[in-house]
Structures are given as C-alpha cells and as structure tokens.
Number of protein chains: 2
Amino acid sequence: MRAAEPASPPAAGLQHLFLREEELRLAQDLLFFGYRDFTAGPDAILAELGMGRAHHRVLHFVGRRPGITVGELLGILGITKQSLNRVLTPLIEQGYILQAQGRSDRRQRLLSLAPPGTALERRLFERQRDTVVAAYREAGPTAVDGFRRVMRGLMNREARAWMDRIEETAPPGGPARRA
Amino acid sequence: MRAAEPASPPAAGLQHLFLREEELRLAQDLLFFGYRDFTAGPDAILAELGMGRAHHRVLHFVGRRPGITVGELLGILGITKQSLNRVLTPLIEQGYILQAQGRSDRRQRLLSLAPPGTALERRLFERQRDTVVAAYREAGPTAVDGFRRVMRGLMNREARAWMDRIEETAPPGGPARRA
DNA sequence: ATTTTCAGTCAATATAGCTGACCTATATGG
DNA sequence: CCATATAGGTCAGCTATATTGACTGAAAAT
C-alpha cells in the first residue's frame, strides 16, 4: 500500500497485458508457495532419516543418470565439491550410492543407486508424485504443457541443455527406450 | 521451441497418459532448475548487501501486505519466530522496515516498508521480473495460465487461501484499489 | 616428464532454519 | 480485579547447507 503506485508498466503494448506488475508479483508468490509445498513431503521423510533436501537431490539426479560422474553432478547441482561431498560421502558410506571406476577414465567415479538408494529415492519420489499428480489432474493437460514451458523459460542455458538431454534419453514412456 | 514436443498428451489412454512416471520426474527437474534460476538473480544482489533469500521474502511479503502483523508474516513464511527475527530485526535496525503499534491491538507490530526497503524490494523485484517476463513471453499467455494453475495445485490449503486473498485485494491492474 | 584434470579432504565461515526457555506488554474473560 | 492467554521479543544452543582456500593423490594429456 503506502502510496507510490510503482510504475505498473502501463500495459500499453499489445499482448503485454499479462505482464503487468501484479501478474509478476503473483508469479513470485506462486513460485515461493508452490516450491515450498512441493518439497515439503520429501523433507518430512528425509528428516526422519537425518537427511535433508541435498541428499534427495543427489539421489534424484544419480537415479536419473546412472553412471553420472562426480563432475557432472557438480555441474547439475551448481554447488561446490566440498558441499557435495558432505552429503555424497555419507550416502556412499551408508550404502545408498555405489561408486565404480570409470572405464575410459579411471579417475572418474561413476555413481549409481544401490538397492537401498533406489528404494529411498522411490519413496521420496512417490510422496512428491502424489503432490504433482494432484496438481496436474486439477489443472489438466493443457495447463501442464503451459507449466512446462514457463518453468523451462525460467531456467538458464545450462539447465535447458540438461533438460534437452534427459528428454532425449528418457522419453515419455519410461526408463526403457521409447516404444 | 526446442524439438521434443514434450508430450502434449497424445490423447491415447484417456487423460492419464500425461501422468506417467517420466512426466512426473520431468516435473521434479523443472521445479528444481526453474526455482533455482528464478532466485539466482536476487540472490546475487542480496549477497552484495550481506543478506540472503530470507530477507527478500520478508521484504516481498511486507511489500505485498503493508501493515501485516508479525504473526501473519510467520504464518505465511511458515518459519519460527526466532528464525524470522534473525532477519526482521536487522531489517528494522537498518531502516528497511518500519514497525507501527497496532491500533485495535497494541501488542501487534504492523510492518511496512520504509523508503529504503521499498527501493531494495523494487530492485530485487525488477531483477526477478526480467526472468519471469522472458519466460512468460517465450511461453505465451495460454502457457502462463497453465503455469499458474499447476503451481496453485502444488500449494497447500493455507497457501491457496492466501493467494485468494491477495488476488482479491491486489487485482491485476496494480497495487492501488481496484479500478 | 610436466602439467592438467578428477576426485577427495581439512579447516574456517555464513545463512537459515530448528527447539526450549523465558520475558514484557496487552487483551480478554471470569 | 485478577488470572490467563496472546503478540511479540530474546537468549542459548543445535543442525543443515552452502561458501572459500589450501592441499593431496591418481590418472590423463601434452
């Protein structure tokens, strides 16, 4: 409130009506609440195991790309090696994640989920899936497509490239090669 | 848009085709990368000022609801009083946020942005706005509507109620009372 | 043989959250 | 009026997630 009227871009231009300030502030609200509640389910499970969101992210991306190297994982997560190792080392020690020496480059550690890792990731996934399925059902297929396009638009170049790669190699239809 | 045609539901198996596992894992990826890059801009500005995301959230929601009480803010943010005060107290001491005694209940502290707070929030908003505007423009109005519906679907009941209220009192058109 | 890269480690620091205990000021209700 | 409940603040201590910088060892590349 407080006087001010902070320059709602006067919407003069054509198709820009939907880009007015209030629309964009609404986007901020949506992303804050939506992301928070999206992560709330897994967070609760992880807390019971003495883990946090960072562990989930590692399990998720290792599950998504079995055989991923530590370096690639660092690139995806956008954190430092030290930060990653604080969650990765315990996950390995506790038997959730396996390391294998790289074939072409033996310095590399190829990461994959051990059975307990697969199970935990699955449990976290299913909790999150319930949230997403409910939202997707309510919103409908057209909205889902719009959601995907907007989220993609928020991502930086690197993240988009990663999404392109994952969509190529893990197409709708499941982990197996496309039908 | 990037190849791929992300599975606009091929209409084959009724309305469930778009809820297959891979689609849902894609949603996890989208939310992780999208949210991270959405917050990256403000994070960089805040870091220069020795602040973090928590400060931004306070500035955002106080700006959104001037005169909000501490208790209401706690409810929105979903954190403890102690956590809030660790960022709120410095924001007040540094002149970004004003406190006024509640009129009907003098125990309440009604929060609002002081001019420096308005300016900083504006700066953070504009950085984030650029990201959102780019995504919205790329995706188009229909996609934006879908994005909103899905994000809303991810939110819990309380958050939805808050969104309903904000949409009533701050309708498209700007912070001023409805036309 | 030197240099670079991949991975891991140690130490120190900062932010953002948490619990529990306790305080003041003000409202509210018997 | 007094007792209790509520709004807000504060102290102390804990955890999780991130950071930087410095350094190591092994293997690849030149």
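Within every chain, numbering begins at 1; the chains are lettered A, B, ... in the order of the sequence lines, protein sequences first and strands thereafter. What you are looking at is a predicted structure, and each value in this text was computed from that prediction instead of being measured.
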Check: protein-nucleotides 28-30 of chain C nitrogen or oxygen pairs below 3.5 Å:
none

Checklist line | Sugar-phosphate or base contact per nucleotide [nucleotides 8-15 of chain C; S, B, -; heavy atom under 4.0 Å] | finding: BBB----S
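- Ring geometry for B:Trp162 versus B:Phe61: interplanar angle over 60°, hence perpendicular rather than tilted (30 to 60°).
- For the pair A:Thr39 and B:Phe32, the minimum side-chain heavy-atom distance is 4.5 Å or more.
- Residues that satisfy the ring pair (Phe, Tyr, Trp, His ring centres under 6.0 Å) test with B:Tyr96, not counting sequence neighbours, are absent from this structure.
- One finds the CG atom of A:Leu124 at 8.5 Å from the CE atom of A:Met51 (value rounded to the nearest 0.5 Å).
- Neither OP1 nor OP2 of C:dG17 sits under 4.0 Å from any side-chain N or O of B:Thr80.
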Checklist line | A:Tyr35 and B:Phe38: CA distance, side-chain angles, deciding distance, ring pair (Phe, Tyr, Trp, His ring centres under 6.0 Å) verdict | finding: CA-CA 11 Å; A:Tyr35 188 75; B:Phe38 166 73; 9.9 Å; no
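- Side-chain contact check for A:Val62 versus A:Glu121: every heavy-atom pair is 4.5 Å or farther apart.
- For the pair B:Arg149 and B:Asp145, the minimum side-chain heavy-atom distance is below 4.5 Å.
- Considering only heavy atoms from C-beta on, A:Leu113 stays 4.5 Å or farther from A:Leu98 through its side chain.
- For the salt bridge (charged side-chain N to carboxylate O under 4.0 Å, His left out) criterion with B:Arg25, the lone passing option out of B:Glu23, B:Glu22, B:Glu21 is B:Glu21.
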Next item on the list: Would you sort out whether A:Asp164 and A:Arg152 count as a salt bridge (charged side-chain N to carboxylate O under 4.0 Å, His left out), showing the intermediate values?
Entry: CA-CA 10 Å; A:Asp164 290 343; A:Arg152 176 172 236 288; 2.2 Å; yes
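- With sequence neighbours excluded, the residues that form a side chain to side chain donor-acceptor pair (under 3.5 Å) with A:Asp29 are B:His60, B:Arg64.
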Note to self: Show, in sequence, the C-alpha distance, side-chain angles and deciding distance for B:Arg160 and A:Glu138, and conclude whether the salt bridge (charged side-chain N to carboxylate O under 4.0 Å, His left out) test is met.
What the structure shows: CA-CA 14 Å; B:Arg160 289 190 201 199; A:Glu138 243 183 271; 3.2 Å; yes
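- Within residues 34-47 of chain B, no residue is approached by DNA chain C to less than 4.0 Å at the level of any non-hydrogen atom.
- Distances shorter than 4.0 Å separate none of the side-chain N or O atoms of B:Arg106 from OP1 or OP2 on C:dA25.
- When DNA chain D is scanned 5' to 3' for any atom under 4.0 Å from a heavy atom of chain A, the first and last hits are D:dA16 to D:dA28.
- Between B:Leu26 and A:Met163, the closest side-chain pair of non-hydrogen atoms falls below 4.5 Å.
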